[in-house]
Amino acid sequence: MEKSETTSSGENPRPWHSYHTVYTNAKAGMEGVDKEKVQRIVYEMSKGSKYFENEEKKEAYMRQKIETMRAQCAKLTAADVSHYQMVADKRIVELETTRDLSRIWLHVDMDAFYAAVETLSNPSLTGKPMAVGSMSMISTANYEARKFGVRAAMPGFIARKLCPELIFVPTDFNKYTHYSNLTRKVFQKYDPHFMAASLDEAYLDITDVCKERGVTGGEVADELRTRVYEETGLTCSAGVAPNRLLAKIGGIGKVTEHMLRDVLGINTCEEMLQKGGFLCALFSRSSADFFLSVGLGLGGTDTPEVKFRKSISNERTFSATDDEALLYQKLADIAQMLCTDMQKEGLRGRTLTLKLKTASFEVRSRAVTLQKYICSGEEILKYASKLLKAELPISLRLIGLRMSHFNEDKAGAPSDPTQRTLTKFVLSRDASGKTMGGQSSLSSNCSDEAFMDDLETSFPNDEIRDPWDSSCKQDLEDHNCTFGNNIEAEEAHESLSNNTAENIAETSLPRKLGGGSTDMVNEEVILHNEAVISPDWQYQCFKADDYKCSLCGIEMPPDFVEERQEHSDFHLAERLQEKESSINSRTSIERHRFAQKAITSSRSSRKKHKPSPKQGSHLSIDMYFVKSNQNF
DNA sequence: ACCGCAGTAAAAA
DNA sequence: GTATTTTTTTACTGCGGT
């Protein structure tokens, strides 16, 4: 494991070969692109910048990782190799037994989604190279632009160099959400429980449709794509397979690809299995399992019941500054934005993570876990400020805040006195009785396994099913648990679909929606959506800026957010006791917890702070190298 | 030895 | 002339408490 001298010699005739970015990789519609030229221009536009320097650091880190892994590999004795091969073969057999070929999955991906939507609302863009995004970053490029090597995730100023006549269109998420909803209405007809992966991607279990109508997956795919086109004027691609992985193979990115190829010489699924022993020797159990599954072509075939959001975050890039007042202002802005987002979903969280990107593009994060769930802008800012303060002085180009640790997180954490669960439990119960604006409840209300587990100890963790649970599930699937999305991407699965997007486009189907009137339709849909999502279910006895509890008249200032919440919870507990005589035991347990909670939460904070900043808690990249070397 | 937490990284859209 | 995003999830590692 000595020597790391494998690097290139002094003068490199083609230095751009050593600079690899995601956005120099080919995408759909980039077949004839002069890759050499694109790489050279990307390199020349990038070199010397802070960003570039950081990329070099990351590259160096990756090379080190690969060296380390090579050394590990070389250290394996013949006995080790045969041992791990046996382990791998056994694992392969085990995994094989999980194969399920009984389902038919469809992965649908809109073609150049944002760009296509923009063209729909401004047909004069048709046929011209165009990108959605800014000079800083491109979200999507249309196919005309891709011929120049312009791609999602590429900075706009580089794209303009590659294609000087490139037209830039700013992102307009309202528009994309509107069209996304139209596509989802179609998806729903084929699979009411379809899984949205982003605004422009979804997985559909079309097994039942195929069976009932006696058609193949491919035929359903064709029909669905036609219907999507009819409803939206947008084209899409679809992959058909017995599981989701095969309908869209993913999960191996730049770094993993290098580790597999450069260390183990793995390029294909077959090689993944042949070299299974090395995978088991070098990677963790879960990573090795994943790789072997990919090699076997195994993937998810189930439709997981409600998936819960685990975190919510907001971040902004700005021109780098070390002006503390300015940084605090940015932080306050982010805190407010996060608070707004959390309110939309009625979330409260315990763990707050501050994300920083320094002027040199180094990314750091700092987190606190509180005893209490918080959601107000003031409180978020209060704790975020403490986290930021510990990093000063510092020059930053990005600040972000993330809230997580929402509720129970892990079912079966009996010691954790999660006071929010009471509120959510009650609210969820109520939601089954009355409907709010046609929809009953929110994702975060739908399951509270820790609570259930605590109080209804006879339920196994995984099998909590009752009527309101499934009604929640239905609700959620209406919203499809879609999370953030910015950069749209077409993937290799296009090769799996027989009919290309272009074929469909050429069939001259009528355009149902032209440009022009879309914005009004938009508004309507968005408003509808917000009505569904907005947390007007909150049973707060306080109005937003009221000092008095409407139920008992006790006075508390609005900024006593935790105290007010607890007070609300108290009334909820009472209410629960009245309404639910059959679950008296639970109530008393919960009230007991509630009382405890009130005590523990008043002791302010466990301030045993991290050694934190400069050369304290986090290592420089160089230091990290030393460290990881010592591990082997 | 195990658990929870903090920090970093990778991946995806 | 300048300029390299945003959001979420998952995995792994190391530390400190019990």
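Letters go in sequence order (proteins before strands), and every chain restarts at 1.
Residue pairs meeting the ring pair (Phe, Tyr, Trp, His ring centres under 6.0 Å) criterion with at least one partner in residues 348-370 of chain A, sequence neighbours excluded, are Tyr51(A)-Phe361(A).
Partners of Val255(A) by side chain to side chain contact (heavy atoms under 4.5 Å, CB included), not counting sequence neighbours, listed by chain and number: Met62(A), Lys65(A), Met259(A). Applying the side chain to side chain contact (heavy atoms under 4.5 Å, CB included) test to Ser311(A) and every residue at least two apart in sequence or in another chain returns Arg402(A), Ser404(A). With sequence neighbours excluded, the residues forming a side chain to side chain contact (heavy atoms under 4.5 Å, CB included) with Cys339(A) are Gln336(A), Gln343(A), Ile380(A), listed by chain and number. A search for ring-ring contact (aromatic ring centres under 6.0 Å, His included) contacts involving Tyr203(A) returns His107(A), not counting sequence neighbours. Listed by chain and residue number, Phe283(A), Ser284(A), Phe291(A) satisfy the side chain to side chain contact (heavy atoms under 4.5 Å, CB included) test with Ser287(A) (two or more places apart in sequence, or in another chain).
The phosphate of dT4(C) (OP1 or OP2) has no side-chain N or O of Thr21(A) nearer than 4.0 angstrom. Of the side-chain N and O atoms in Ser365(A), one or more sit less than 4.0 angstrom from OP1 or OP2 of dT8(B). The side chain of Arg366(A) places an N or O atom within less than 4.0 Å of a non-bridging phosphate oxygen (OP1 or OP2) of dT8(B). At the phosphate of dT5(C), OP1 or OP2 sits under 4.0 Å from a side-chain N or O atom of Lys357(A). Remark: Lys161(A) is not in phosphate contact with dA3(C), judged by side-chain N or O atoms under 4.0 Å from OP1 or OP2. For Asn314(A), a side-chain nitrogen or oxygen approaches OP1 or OP2 of dT7(C) to under 4.0 Å. The side chain of Ser311(A) places an N or O atom within less than 4.0 Å of a non-bridging phosphate oxygen (OP1 or OP2) of dT9(C). Put simply, Arg309(A) has a side-chain N or O that comes within less than 4.0 Å of OP1 or OP2 on dT8(C). Residue Lys307(A) has a polar side-chain atom (N or O) positioned under 4.0 Å from OP1 or OP2 of dT10(C). Dashed line: the shortest gap from a side-chain N or O of Arg285(A) to OP1 or OP2 of dA11(C) is not under 4.0 Å.
The interatomic distance linking Met337(A) (CE) with dT5(C) (C1') rounds to 13 Å, in whole Å. At whole-Å resolution of the value, CZ in Arg350(A) and P in dG4(B) are 11 Å apart.
Remark: the separation of the C1' atoms in dA11(B) and dT5(C) is 15 Å, to the nearest Å.
For the segment residues 252-262 of chain A, the set of residues with a heavy atom within less than 4.0 Å of an atom of DNA chain C is empty.
Comparing Ser287(A) and Ser46(A) by the nucleotide of DNA chain C whose heavy atom lies nearest to each, the residue mapping closer to the 5' end is Ser46(A). Toward the 5' end of DNA chain C, the nearer of the two residues Phe52(A) and Glu315(A), judged by each one's closest nucleotide, is Phe52(A).
Taking only distance into account, the side chain of Thr317(A) never meets the base of dT4(C) through a donor-acceptor pair shorter than 3.5 Å.
In DNA chain C, consecutive stretches of 3 or more Watson-Crick or G-U wobble pairs with both distances under 3.5 Å are given as paired ranges: B:1-13 with C:6-18.
For Lys161(A), the NZ atom sits in a loose shell: 12 or fewer heavy atoms of surrounding residues, nucleotides or ligands are nearer than 6.0 Å.
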Which atom pairs, one a donor and one an acceptor, fall under 3.5 Å between side chains of residues 353-360 of chain A and the rest of the protein, sequence neighbours left out?
{"from": "Lys355(A)", "atom 1": "NZ", "to": "Glu315(A)", "atom 2": "OE1", "distance (Å)": "3.3"}
{"from": "Lys355(A)", "atom 1": "NZ", "to": "Glu315(A)", "atom 2": "OE2", "distance (Å)": "3.3"}
{"from": "Thr358(A)", "atom 1": "OG1", "to": "Ser360(A)", "atom 2": "N", "distance (Å)": "3.3"}
{"from": "Thr358(A)", "atom 1": "OG1", "to": "Ser360(A)", "atom 2": "OG", "distance (Å)": "3.0"}
{"from": "Thr358(A)", "atom 1": "OG1", "to": "Glu362(A)", "atom 2": "N", "distance (Å)": "3.1"}

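Taking 4.0 Å as the cut-off between side-chain N and carboxylate O, Lys58(A) and Glu55(A) count as a salt-bridged pair.
Among the candidates Asp200(A), Thr119(A), Leu120(A), the single residue satisfying the side-chain contact (heavy atoms from CB on, under 4.5 Å) test with Leu234(A) is Leu120(A).
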